[in-house]
Amino acid sequence: MVNITLKDGGRKEYPSGTTVLEMVQSFAPGLARKAVAARFNDELVDLTTPVTEDGSLEILTFDDDEGQEVYRHTSTHIMAQAVKRLFPDVRLAIGPAIDKGFYYDFDSAQTFTPEDFVRIEEEMRAIIKEDFPVVREEVSREEALQLFHSQDESYKVELIEALPEGEVISLYRQGEFVDLCAGPHLPSTGKVKAAKLTSLAGAYWRGDERNKMLQRIYGTSFPKKAMLDDYLHKIEEAKKRDHRRLGKELGLFIIAEEGPGFPFFLPRGMIIRNELEDLWRKEHVRAGYQEIKTPVILNRSLWERSGHWDHYRENMYFTTIDEDDYAIKPMNCPGGILVYKEHLHSYRELPIRLGELGLVHRHEKSGVLHGLMRVRAFTQDDAHLFMLPSQITSEIKGVIDMVDRFYNLFGFSYHVELSTRPENAMGSEEVWETATAALREALQEKGIDYVINEGDGAFYGPKIDFHLQDSLDRTWQCGTIQLDFLMPEKFDLTYVGEDGERHRPVMIHRVIYGSIERFIGILTEHFAGAFPTWLAPVQVRIIPIAERHHDYAFQIEKQLREAGLRAESDLRREKVGYKIRDGEVQRIPYLLITGDREVESSTVSVRRRNQGDLGAQSVEEFMAAIGEEISARRSG
RNA sequence: GCCGGCGUGGCUCAGUGGCAGAGCAGUCGAUUCGUAAUCGACAGGUCAUCGGUUCAAAUCCGAUCGCCGGCUCCA
């Protein structure tokens, strides 16, 4: 007999060898129907696993993240089986579950088309209907190699060879299909109810662009058709928040064919930009920063000295002036360093914090451009902090606080990554270790959760990255804090210490918004174009009901403008309903309806975006309320 | 850069070898209106560009440019 402890604390006893599924069926038949896998003694197991020892048991359903992963993992096996049936020559690479679905990478002489999706989905439905049991089998390395050799599955062979010695090698079989897989899986293919293939893409074997490009098919699956429909509907809704679409609809920016990756800001987009910059300047003065502006084009010798010439050249644009080589800056740091070097500094001056809204240009590969999120010219809200080694932790913490203050103001949630030494790094391992430890320490002292992003640091130092989400849940790095011991060395930066000797300062490179362009993209999606009043390109639109109210409307507009509000009047000869709809579609925070009643009583009828009619107020009352909302920079 | 898809008026899209279309936006006219679309008329396109196949190309083929989704890379 084995003793089983359930999640709710209940205890059960079963004959040894009873499967997990049999257990659930005995104490919760309803749960058994929903069950997809289980956790036994902190290990994920199949429902078909026979239990032969005491332990704690938790049943996983589609509602659990891990349950969902198992569900999608079996789904991708079903897809692979279908593809193998239809295209016997394909070789399988890998096929994991991902955040909202799954994919499988195939190597095939024939290229798949979206038309093939119909056939594959049909075959998947057949496999689901056949309801094959999914059976786990543990084999020796030799057996596994032999099996996949015999099937000419060279990628599987490569995967097995890469498995560490002593690792359990398991196979999962369903009908005629077998795959190398750690599991766990659903008990049978019939468990998958609604599956859909969503897209087709190329992907390099093992994610390395030197390797062969495989064909990746993405899909998703759910236990109910309604859930799939709901998911697809949500995707459609999310697309309406896409900043590229809203940017066009709201007249914020354009990207012309004449300048791929080089955005143009339109008058309305410039208002948002300028508001963000105003806030930035105010906060930076408060935090003890000074502002500088450094040139966009600087001589080659500077970039050779900074290391960009060796480590960043493929991302840079170049030009020639009077037969000398110059580069268009991809980063602001060398310029900031020249400012620091302009004169001798005492330890008493440190830390020196030099902020710069610097326009940088980077050559990005054509395939990566994406609206305002990934462009070839962008403005970094940069700053370079020069400090004593003893000031490192407090300066990093200061920047972390600032990032948090900014992001909270907009209501963003974000996640943090610590990026370590990349392959093409400058400097010794020791310097990198010291710098990375300093960043880690600051994060720990602030009690911030973070994930390690191995090898993603800048070439001159490790960094803390702050990531924000777009409307389709893709994440984009915005803020970053980079600790740099190497540039001060390269440029022979010094300060005079208490002892009268010259010492080496430490540098921090950091951005809060990251790139103003990307940040505006994220903001647009976050607010679905309904910017808080302080950021809204038009804050108030006055809607006179008939032509005889135009003078009154204009008088109010003038009053609002004089108070510094961004107000305009809609003088078109249209019905009120039409003008209101247009105002709502344009996401204008306040519409002021003015007709006979308002002229009579010297009021305005206030309509708040998404809330409707708030009733009549005096102009003074309205201005006081909106003024307060703006100066508090409320996001609500 | 790589893989796949796409490119038709300002915008969203229909048109799959035989006369380039619709809705919205725009202009003009009528309507002077009370909280999410008033009615009518007009105007607007070298069908991304270049080349090819064909009696005939938006439509088929090739190249180039751009866009979209991924991969790699990154703020």
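Labels below follow one simple rule: chain letters A, B, ... track the order of the sequence lines, proteins then strands, and each chain is numbered from 1.
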A.B. asks: At under 4.0 Å between heavy atoms, what does Gln611(A) touch on the DNA or RNA strands: base, sugar-phosphate, or nothing?
C.D. replies: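 Here Gln611(A) touches no strand at all.
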A.B. asks: Separation of Tyr578(A) atom OH from G26(B) atom C1', in whole Å?
C.D. replies: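 Result: 10 Å.
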A.B. asks: Please state the P separation for the pair U64(B) and A20(B) - nearest whole angstrom.
C.D. replies: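 The same atom, P, in both gives a distance of 30 Å.
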A.B. asks: With a 3.5 Å limit on both atom pairs, tell me what U27(B) is paired to, counting Watson-Crick and G-U wobble, or say none.
C.D. replies: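 Pair assignment: U27(B) / A41(B).
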A.B. asks: What is the distance, to the nearest angstrom, from the CG atom on Asp613(A) to the C1' atom on U35(B)?
C.D. replies: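 Distance check: Asp613(A) CG to U35(B) C1' gives 6 Å.
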A.B. asks: When we call it a touch if two heavy atoms are under 4.0 Å apart, what does Thr198(A) touch: a base, just sugar-phosphate, or nothing?
C.D. replies: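 Answer is nothing: Thr198(A) stays at 4.0 Å or more from every strand.
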A.B. asks: Looking at Tyr590(A), does the NZ or CZ of Arg608(A) lie under 6.0 angstrom from its six-membered ring centre and within 45 degrees of the ring axis?
C.D. replies: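 Flagged: Arg608(A) positioned over aromatic ring of Tyr590(A).
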A.B. asks: What does nucleotides 69-75 of chain B look like as a protein-contact string, B for base, S for sugar-phosphate only, - for none, at under 4.0 angstrom between heavy atoms?
C.D. replies: BBBBBBB
A.B. asks: Under a 3.5 Å cut-off for both contacts, is G69(B) paired Watson-Crick or G-U wobble with anything, and if yes, with which nucleotide?
C.D. replies: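 G69(B) is paired, partner C3(B).
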A.B. asks: How long is the line joining CG of Asp107(A) and C1' of C2(B), in whole Å?
C.D. replies: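 Roughly 15 Å, once rounded to whole Å.
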A.B. asks: Distance check needed: G4(B) P versus Phe106(A) CZ, whole Å only.
C.D. replies: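 From Phe106(A) CZ to G4(B) P: 16 Å.
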A.B. asks: What integer number of Å spans the C1' atoms of C47(B) and C13(B)?
C.D. replies: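 Each nucleotide's C1' atom is 13 Å from the other's.
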A.B. asks: Who does A22(B) pair with, Watson-Crick or G-U, both distances under 3.5 Å?
C.D. replies: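 Paired with U12(B).
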A.B. asks: Considering only atom P, compute the distance from C19(B) to U59(B) and round it to an integer number of Å.
C.D. replies: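 After rounding to an integer number of Å, I get 14 Å for this pair.
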A.B. asks: Excluding sequence neighbours, so at least two apart, what forms side-chain contact (heavy atoms from CB on, under 4.5 Å) with Asn453(A)?
C.D. replies: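 Scan of Asn453(A) (side-chain contact (heavy atoms from CB on, under 4.5 Å), adjacent residues dropped) gives Glu417(A), Ser419(A), Asp456(A).
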A.B. asks: I want to know whether Phe222(A) and Tyr231(A) have ring centres closer than 6.0 Å.
C.D. replies: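 When the ring centroids of Phe222(A) and Tyr231(A) are compared, they turn out to be within the sub-6.0 Å range.
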A.B. asks: Take atom NZ of Lys240(A) and atom C1' of U12(B), then tell me their distance rounded to the nearest Å.
C.D. replies: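 Going from Lys240(A) (NZ) to U12(B) (C1'), I get 13 Å.
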A.B. asks: Just name whichever nucleotide pairs with A36(B), Watson-Crick or G-U, keeping both distances under 3.5 Å, else none.
C.D. replies: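 In the structure as shown, A36(B) has no Watson-Crick or wobble partner.
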A.B. asks: Is it the case that the ring center of Phe410(A) lies less than 6.0 angstrom away from the ring center of His526(A)?
C.D. replies: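 Judged by ring-centre distance (under 6.0 Å), His526(A) and Phe410(A) do not meet the cut-off.
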A.B. asks: Write down the distance separating the C1' atoms in C60(B) and C55(B), rounded off to the nearest Å.
C.D. replies: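 Between the two C1' atoms, the distance is 16 Å.
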A.B. asks: Should U32(B) be called syn or anti, with syn set as within 90° of 0?
C.D. replies: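 Nucleotide U32(B) adopts anti.
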A.B. asks: Using atom P in both nucleotides, what's the gap between G44(B) and G21(B) to the nearest angstrom?
C.D. replies: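 Their P atoms lie roughly 13 Å apart.
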A.B. asks: When rounded to the nearest Å, what value does the distance between C1' atoms of G5(B) and G10(B) take?
C.D. replies: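 Per the computed distance, 25 Å lies between those C1' atoms.
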A.B. asks: Looking at Tyr103(A), I'd like to know if the NZ or CZ of Arg216(A) sits under 6.0 Å from its six-membered ring centre while staying within 45 degrees of the ring's axis.
C.D. replies: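 Relative to the ring axis of Tyr103(A), which defines the angle, Arg216(A) lies inside both limits.
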A.B. asks: For U59(B), give the paired nucleotide (Watson-Crick: N1-N3 plus N6-O4 or O6-N4; G-U: N1-O2 and O6-N3; both under 3.5 Å), or none.
C.D. replies: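 Partner of U59(B): none found under 3.5 Å.
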A.B. asks: Could you check whether atom NZ of Lys579(A) has more than 12 heavy atoms from other residues, nucleotides or ligands sitting under 6.0 Å from it?
C.D. replies: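 Atom NZ in Lys579(A) is crowded, with more than 12 foreign heavy atoms closer than 6.0 Å.
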A.B. asks: Mark up nucleotides 40-47 of chain B, 5' to 3', with B wherever a protein heavy atom is under 4.0 angstrom from a base atom, S wherever such an atom reaches only the sugar-phosphate, and - elsewhere.
C.D. replies: --------
A.B. asks: Any N/O pairs under 3.5 Å between the protein and nucleotides 29-31 of chain B? List them or say none.
C.D. replies:
from	atom 1	to	atom 2	distance (Å)
U31(B)	O4	Arg573(A)	NE	2.7
U31(B)	O4	Arg573(A)	NH2	2.7

A.B. asks: Quick check, are the ring centers of Tyr317(A) and His363(A) under 6.0 angstrom apart?
C.D. replies: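 Yes, ring centres under 6.0 Å apart.
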A.B. asks: Which nucleotide wins on minimum distance to the side chain of Arg572(A), given the candidates G26(B), C11(B), U32(B)?
C.D. replies: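 The listed nucleotide nearest to Arg572(A)'s side chain is G26(B).
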A.B. asks: Rounded to the Å, how far apart are Arg210(A) CZ and G1(B) C1'?
C.D. replies: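 Roughly 15 Å, once rounded to whole Å.
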A.B. asks: Restricting to ring pair (Phe, Tyr, Trp, His ring centres under 6.0 Å), what partner residues turn up for His311(A), sequence neighbours left out?
C.D. replies: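 Partners of His311(A) by the ring pair (Phe, Tyr, Trp, His ring centres under 6.0 Å) criterion, ordered by chain and then number, come out as Phe459(A).
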A.B. asks: Sticking with atom C1', work out how far G18(B) lies from G9(B), rounded to a whole angstrom.
C.D. replies: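 After rounding to an integer number of Å, I get 23 Å for this pair.
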A.B. asks: Counting heavy atoms from C-beta on, name the nucleotide in U32(B), C33(B), A36(B) closest to the side chain of Glu547(A).
C.D. replies: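 Of the candidates, U32(B) comes closest.
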A.B. asks: Suppose we call two aromatic rings close when their centres sit under 6.0 Å apart. Are Phe406(A) and Tyr414(A) close by that rule?
C.D. replies: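 For Phe406(A) and Tyr414(A), the ring centres are not under 6.0 Å apart.
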A.B. asks: Check whether Phe531(A) forms a cation-pi arrangement with Arg587(A) (NZ or CZ under 6.0 Å from the six-membered ring centre, at most 45° off the ring normal).
C.D. replies: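 No; the conditions do not both hold, so Arg587(A) does not lie above the ring face of Phe531(A).
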A.B. asks: Let me know, please, whether Gly595(A) or Gln215(A) comes out on the 5' side of the other along RNA chain B by nearest nucleotide.
C.D. replies: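 Mapping each residue to its closest nucleotide by heavy atoms, the 5'-most match is Gln215(A).
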A.B. asks: Quick check on Asn211(A): does its CG atom have over 12 non-hydrogen neighbours (other residues, nucleotides or ligands) under 6.0 Å away?
C.D. replies: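 Yes, because the 6.0 Å sphere around CG of Asn211(A) holds more than 12 heavy atoms from other groups.
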A.B. asks: Not counting sequence neighbours, list each pair that qualifies as a side chain to side chain donor-acceptor pair (under 3.5 Å) and has a residue in residues 245-254 of chain A.
C.D. replies: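 Found Arg245(A)-Glu249(A).
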A.B. asks: Could you state the CD1-C1' distance from Ile580(A) to U38(B), rounded to the nearest angstrom?
C.D. replies: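 Result: 15 Å.
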A.B. asks: Hey, which of Arg510(A), Met507(A), His384(A), Lys463(A) is the one that makes side-chain contact (heavy atoms from CB on, under 4.5 Å) with Gln482(A)?
C.D. replies: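 So, applying the side-chain contact (heavy atoms from CB on, under 4.5 Å) to Gln482(A) and each of Arg510(A), Met507(A), His384(A), Lys463(A), only Lys463(A) qualifies.
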A.B. asks: Can you name the nearest heavy-atom pair linking Val576(A) to Ile543(A), along with the distance?
C.D. replies: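 Closest heavy-atom pair between Val576(A) and Ile543(A): CG1-CG2, 4.4 Å.
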A.B. asks: Would you mind reading off the distance between Arg245(A) atom CZ and C67(B) atom C1', rounded to a whole angstrom?
C.D. replies: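 After rounding, the reported distance stands at 16 Å.
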A.B. asks: Measuring only the P atom in each nucleotide, how far is G62(B) from C3(B)? A whole number of Å is fine.
C.D. replies: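 Straight-line distance between the two P atoms is 14 Å.
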